[in-house]
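All figures in this text were calculated on a predicted structure; none of them were measured in a lab.
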Amino acid sequence: QAVGKLPTAVLRALAKGIRGRIEHLLADRWWIGGWIPLGCDGSRLECPRTAELEQRLGQGGKEDSAPTVWVTAVVHLLTGVPWTWRFGRGSKPGERRHLVEMLKDLPRKALIIADAGYYGYDLMLDLMAAGVSFLIRMSSTVTLYTEHETPLAEFREGLVYYWPDRAQKKRLPPVQARLFCVRDKKRKVDVWLLTDVVSSKQLSLSDANRFYRWRWENEGYFRTCKRTLAKVKLMSRTIREVHREAEASMIATQLLLAQGARALPKAKAEGDPRVMCSPRKVLLEIRRELNGRLGPLRRGRFSDRLKECCREKRERSSPKATREWPRRKDHKPPGPPKILKLSTAQKRLISRTQKAA
């Protein structure tokens, strides 16, 4: 009830102030390889089946599903701490639009790492205009062009042009980018990544592979929010209260993860494995501190106890198994993009658009 009386602007101002403190307190582990790696992804939060929410939010997914709120979050991949987020209707996610809206809040030298749902000519132009670099997974729905024909089986990395038919008809310039093909025996399929960083000295194939593996911190963030903090389903029954509950939940998760990340030691070298906190252990320590029930084995300063809240590190003897969850569709990994050789007419058109620019 107290949160429901607050204007949304107050919560957004609080989130902005927290971002500034996080950037200051975690400055020593903010950069790697000259970049600030930030993952972007989205997820749905279920809401009660009230008449107002069903009318305003719509149904997310299947026809018999409950109304949902869509949250798109940008997460710092070195620490797992969320940076900023946006909300929308679960029936119409609008992830790309959310990312464009969040560009003004991103730090300089940010590198956005995203999955295959974030491709798009207009989105890439918006990212480059804002001074934000990107590393986006490609799929079979994307067509790329090269100056020299190269078979997919032999491709590793190289310069390409992202130039949809719509942009060609309007005589708009192509997006010159670099395409990576990550081949790993541990992966079932090859991963194709597109970046606007054309220099291999600034972003190598190994760094691109490492950054994209870390993108799962986005999934870990949503798991923490939904499962650890029990926000799979929001409790509010009106659209006004839903907005405030969702915003407050994101801030609470941000503060939880920021405290855990700040307490842990920094990796000794840039190439060392990341030292990540366990959200569950941090949450338990915060509860013990609030309740004042520390038992004989848990005495000591709160900050010192947080240093022990590291994630479990163990070698897996078998690959991860996908759990079966109700109403979740089977995931099909994206296929390779289509790579075509530029025609003579296309090369002339590129020359003309570059001169006009």
Hey, are [X] and [Y] close enough for a salt bridge, meaning a charged N less than 4.0 Å from a carboxylate O?
X	Y	value
R178	E157	yes
D190	R183	yes
R237	E52	no

Counting neighbours of CZ on R21 that are heavy atoms of other residues, nucleotides or ligands and sit closer than 6.0 Å, is the number greater than 12?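 No, because the 6.0 Å sphere around CZ of R21 holds 12 heavy atoms or fewer from other groups.
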
Is it the case that atom NZ in K5 sees more than 12 heavy atoms from other parts of the structure closer than 6.0 Å?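 Result for NZ/K5: open.
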
Members besides Y161 in its Ile/Leu/Val/Met/Phe/Trp/Tyr cluster (side-chain heavy atoms under 4.5 Å): Y145, W163, L340, L342, L349, I350

Linking directly or through intermediates, with side-chain heavy atoms under 4.5 Å: list the remaining ILVMFWY members grouped with V198, chain and number order.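 For the cluster that includes V198, the remaining residues are L159.
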
Intermediate values then yes/no, salt bridge (charged side-chain N to carboxylate O under 4.0 Å, His left out), R86 and D105: CA-CA 11 Å; R86 286 295 185 277; D105 299 327; 3.3 Å; yes

Using the salt bridge (charged side-chain N to carboxylate O under 4.0 Å, His left out) rule, take R262 and D28 through it: C-alpha gap first, then chi angles, then the decisive distance, then the call. CA-CA 10 Å; R262 184 190 179 194; D28 58 340; over 6 Å; no

Worked verdict on M250 versus C225 for side chain to side chain contact (heavy atoms under 4.5 Å, CB included): CA-CA 7 Å; M250 296 299 111; C225 182; 3.2 Å; yes

Would you check if the side chain of [X] reaches a backbone N or O of [Y] as a donor-acceptor pair within less than 3.5 Å?
X	Y	answer
R311	C277	yes
K338	L144	no
S139	G335	no
N218	A73	yes
S303	A263	no
Q346	S343	yes
H76	W30	yes

Can you list the residues that meet the side-chain contact (heavy atoms from CB on, under 4.5 Å) rule with [X], with sequence neighbours excluded?
X	result
A177	L194
Q202	W35, V197, S199
S249	K231, E245
A13	none

Checking salt bridge (charged side-chain N to carboxylate O under 4.0 Å, His left out) for the pair E147/K347: CA distance, chi angles, key distance, verdict? CA-CA 9 Å; E147 295 184 356; K347 291 180 180 179; over 6 Å; no

Using salt bridge (Lys or Arg N to Asp or Glu O under 4.0 Å) as the criterion, list what pairs up with D196, not counting sequence neighbours. none

Which atom pair, heavy atoms only, marks the closest approach of [X] to [Y]?
X	Y	result
R171	R352	NH1-NH1, 4.1 Å
L6	R244	O-NE, 2.6 Å
R137	P333	NH2-CB, 4.4 Å
Y212	A114	CE1-O, 3.6 Å
P48	M235	CG-O, 3.8 Å
V242	S236	N-CB, 3.5 Å

List for me each residue that meets side chain to side chain donor-acceptor pair (under 3.5 Å) alongside [X], sequence neighbours excluded, and say none if there are none.
X	value
E101	R97
S43	K226
S133	none
D126	none

Worked verdict on N209 versus S206 for side chain to side chain donor-acceptor pair (under 3.5 Å): CA-CA 5 Å; N209 183 22; S206 59; over 6 Å; no

Let's go through W70 and T72 carefully: what are the C-alpha distance in whole Å and the side-chain angles of both, what is the deciding distance for side chain to side chain donor-acceptor pair (under 3.5 Å) to 0.1 Å, and is it a yes or a no? CA-CA 7 Å; W70 184 272; T72 305; 3.0 Å; yes

Steps toward side chain to side chain donor-acceptor pair (under 3.5 Å) verdict (E23, W83): CA-CA 9 Å; E23 187 175 12; W83 179 252; over 6 Å; no

Pairs satisfying ring pair (Phe, Tyr, Trp, His ring centres under 6.0 Å), at least one member in residues 183-211, at least two apart: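 Pairs touching residues 183-211 that pass the test: F155-W192, F211-W214.
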
Assess the residue pair T68 and E46 against the criterion (side chain to side chain contact (heavy atoms under 4.5 Å, CB included)); give the C-alpha distance rounded to whole Å, side-chain angles, the decisive distance to 0.1 Å, and a yes or no. CA-CA 4 Å; T68 57; E46 287 193 4; 4.0 Å; yes

For Y119, is the NZ or CZ atom of R96 found under 6.0 angstrom from the centre of its six-membered ring and inside 45 degrees of the ring axis? yes

